[in-house]
Number of protein chains: 2
Amino acid sequence: MLRLADINKSYAVGANKLHVLKGIDLEIGDGEMVSIMGPSGSGKSTLLNVLGILDGYDSGEYYFDETLIKGLSETKAASYRNRLLGFVFQSFNLIPFKTAVENVALPLYYQKIARRRRNKIALEYLDRVGLADWAGHLPGELSGGQQQRVAIARSLITKPKVMLADEPTGALDSQTSREVIEILRSINREGTTVVIVTHEHEISEMTDRVIHLLDGVIERDKNNGGS
Amino acid sequence: MLRLADINKSYAVGANKLHVLKGIDLEIGDGEMVSIMGPSGSGKSTLLNVLGILDGYDSGEYYFDETLIKGLSETKAASYRNRLLGFVFQSFNLIPFKTAVENVALPLYYQKIARRRRNKIALEYLDRVGLADWAGHLPGELSGGQQQRVAIARSLITKPKVMLADEPTGALDSQTSREVIEILRSINREGTTVVIVTHEHEISEMTDRVIHLLDGVIERDKNNGGS
Ligand SMILES: Nc1ncnc2c1ncn2[C@@H]1O[C@H](COP(=O)(O)OP(=O)(O)OP(=O)(O)O)[C@@H](O)[C@H]1O
Ligand SMILES: Nc1ncnc2c1ncn2[C@@H]1O[C@H](COP(=O)(O)OP(=O)(O)OP(=O)(O)O)[C@@H](O)[C@H]1O
Ligand SMILES: [Mg+2]
Ligand SMILES: [Mg+2]
């Protein structure tokens, strides 16, 4: 259960302040599959970073399963993320000097899993996104959509309680997009809460609920009929 | 007029060789507006990099307006690109320690235009993509779609003869996507040849001709009826 109560967040830019999240109230229950849509610059990635305990906020409260997530030390925040969250970044954030399989295995390294075992599991997840043959490629030796799929495989590998995906099909053709969403639906059926930021309606139609962000506020929050 | 004759290109990966472009024959006439579609990993970005004189190829010939583009020195290649080409990269390639307006102005710096003048022109192009107020932001202080629009503005600023855009709307919501494609159509009406790699059908439907790439070969090349 993720609960945001009157969340405000601003960024400092030079001497100015940019007010990006302007009082967000949001509840996402365990096992829900929701999408977040909205124009470029409306605050979607910022909102996802708050949910993902990757960034703080200025006022309001964020409860993750009744635990208040506020002013956490980086050590405590990292511990939450590693144990409970999977995150697909809008710009993938792959480590450029590590191979695809090493990138996917990284969350298991943080969980202190031995190298041979974590590379074996990582190869299974690469295979799941169709990239077993690219295990030894560096990110710079991968296409845009391949990099995105490596980021997706990495986010799945710890079987997180909550999956946060920022435009996970942005670089993918429609066939590969459907395969990725099918993977997210299958982990959702197994109990993972899934939150997808997307600007594609075909993707949001595959989720149970669509939250519309506009200028830093939720302007609409509707269940999808019959999915 | 861009003419590719039996172009082959492979990448070395460790001890192996990955054959990516497997005999590409393609002619794009002056002032055409074409899209290139195909699955993730099919070779679209590689093909665009060859057209954009950003990368070489192993066999065949590439003629840019009857000039053979083969084995060029980096100096000569850069001179062609700066004078004739605009390129929107799939991962934007913005300079992280320069502001949005400085990034957009960069091609004019290469053309030796004075700083005040090039920043003035750059601001006009930023305004055209809706980002005048973000001129002083660094790329890390921009949303994904804002970074993409800065990359687009930068590609337009030299009024190139040929515009090559790799998934230029991948990070944009539908409204902003339409605005970007409208900008590309307007420069096309002014005579610029436009080549767009996209995986979105709504985008390809706005071009005159759709080229389908599959496993490194052109499997289909059709004119769009009535656009
Ligand atoms: N520098 C490189 N070294 C080795 N292999 C590479 C390199 N760059 C790309 N590749 C490989 O070449 C193939 C084609 O890549 P390319 O980037 O052209 O695909 P694409 O059609 O643009 O895909 P996407 O839609 O995912 O962006 C892929 O299998 C990729 O792994
Ligand atoms: N580090 C930062 N410093 C200053 N401003 C920022 C920073 N990161 C984001 N912003 C600004 O905050 C606003 C919201 O950004 P955000 O990345 O959340 O948008 P978004 O909805 O994800 O957009 P997109 O669809 O383009 O990815 C934008 O106006 C952006 O310029
Ligand atoms: Mg974003
Ligand atoms: Mg590509």
Side-chain angles (χ1 to χ4, degrees), chain A residues 11-16 18 20 37-46 48-49 89-92 94 99-100 129-131 133-149 166-167 169-177 179-180 197-202 204 212-214, chain B residues 11-16 18 20 37-46 48-49 89-92 94 99-100 129-131 133-149 166-167 169-177 179-180 197-202 204 212-214:
Chain A
Y11 289 112
V13 191
N16 297 321
L18 191 66
V20 172
M37 303 189 79
S40 174
S42 53
K44 306 182 294 297
S45 295
T46 302
L48 215 68
N49 289 347
F89 292 89
Q90 190 168 5
S91 51
F92 318 149
L94 299 179
T99 62
V129 295
L131 292 177
D133 292 348
W134 278 265
H137 284 234
L138 295 173
E141 297 170 335
L142 295 170
S143 78
Q146 291 167 343
Q147 292 177 29
Q148 186 157 48
R149 280 180 280 160
D166 200 343
E167 313 259 8
T169 63
L172 303 176
D173 57 276
S174 20
Q175 174 60 29
T176 321
S177 291
E179 291 166 15
V180 160
V197 167
T198 182
H199 60 256
E200 298 184 51
H201 285 277
E202 311 92 59
S204 69
H212 286 270
L213 207 58
L214 184 63
Chain B
Y11 289 111
V13 192
N16 297 320
L18 190 67
V20 172
M37 302 189 79
S40 176
S42 53
K44 304 180 297 296
S45 295
T46 302
L48 215 68
N49 288 347
F89 293 89
Q90 190 167 5
S91 51
F92 318 151
L94 299 180
T99 63
V129 296
L131 293 176
D133 293 347
W134 279 264
H137 283 232
L138 295 173
E141 297 168 336
L142 294 171
S143 77
Q146 291 168 343
Q147 293 177 27
Q148 187 157 48
R149 281 180 278 160
D166 201 342
E167 313 259 7
T169 63
L172 303 176
D173 57 277
S174 21
Q175 175 59 28
T176 320
S177 292
E179 290 166 14
V180 161
V197 165
T198 181
H199 60 255
E200 298 185 50
H201 286 276
E202 311 92 59
S204 68
H212 286 269
L213 206 58
L214 184 64

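Proteins come first, then strands; the chains are lettered A, B, ... in the order of their sequence lines, and each starts at number 1. Only a predicted model underlies this, so the values are computations on that prediction, with no experimental measurement involved.
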Can you tell me which portion of B:S42 sits under 4.5 Å from chain A's heavy atoms? Options are side chain, backbone, both or neither. neither
So which of B:H137, B:Q147, B:Q146 has the biggest tally of heavy-atom pairs under 4.5 Å with chain A? B:H137
For A:T198, give me all partners under side-chain hydrogen bond (donor to acceptor under 3.5 Å, both in side chains), at least two apart in sequence or on another chain. none
Contact class of A:S143 relative to chain B, heavy atoms under 4.5 angstrom: side chain
Donor-acceptor pair, A:K44 side chain versus A:L213 backbone, under 3.5 Å? no
Which atoms of A:E141 approach chain B - backbone, side chain, both or neither, heavy atom under 4.5 Å: side chain
Distance-only side-chain donor-acceptor flag, A:T176 / A:R149, under 3.5 Å: no
Please report the shortest heavy-atom distance between A:T99 and A:A135, naming the atom on each side. CB-O, 3.4 Å
With chain A, which of B:S177, B:G38, B:G170 has the greatest number of heavy-atom pairs at distances under 4.5 Å? B:G170
Sequence-distant partners of A:E167, side-chain hydrogen bond (donor to acceptor under 3.5 Å, both in side chains), two or more places apart: A:H199
Name the region of A:T46, side chain, backbone, both or neither, that has any atom closer than 4.5 Å to a heavy atom of chain B. neither
For A:F92 against A:A171, the heavy-atom pair lying closest together: CZ-CB, 4.4 Å
Is it the backbone or the side chain of A:L18 that comes under 4.5 Å from a heavy atom of chain B, or both, or neither? side chain
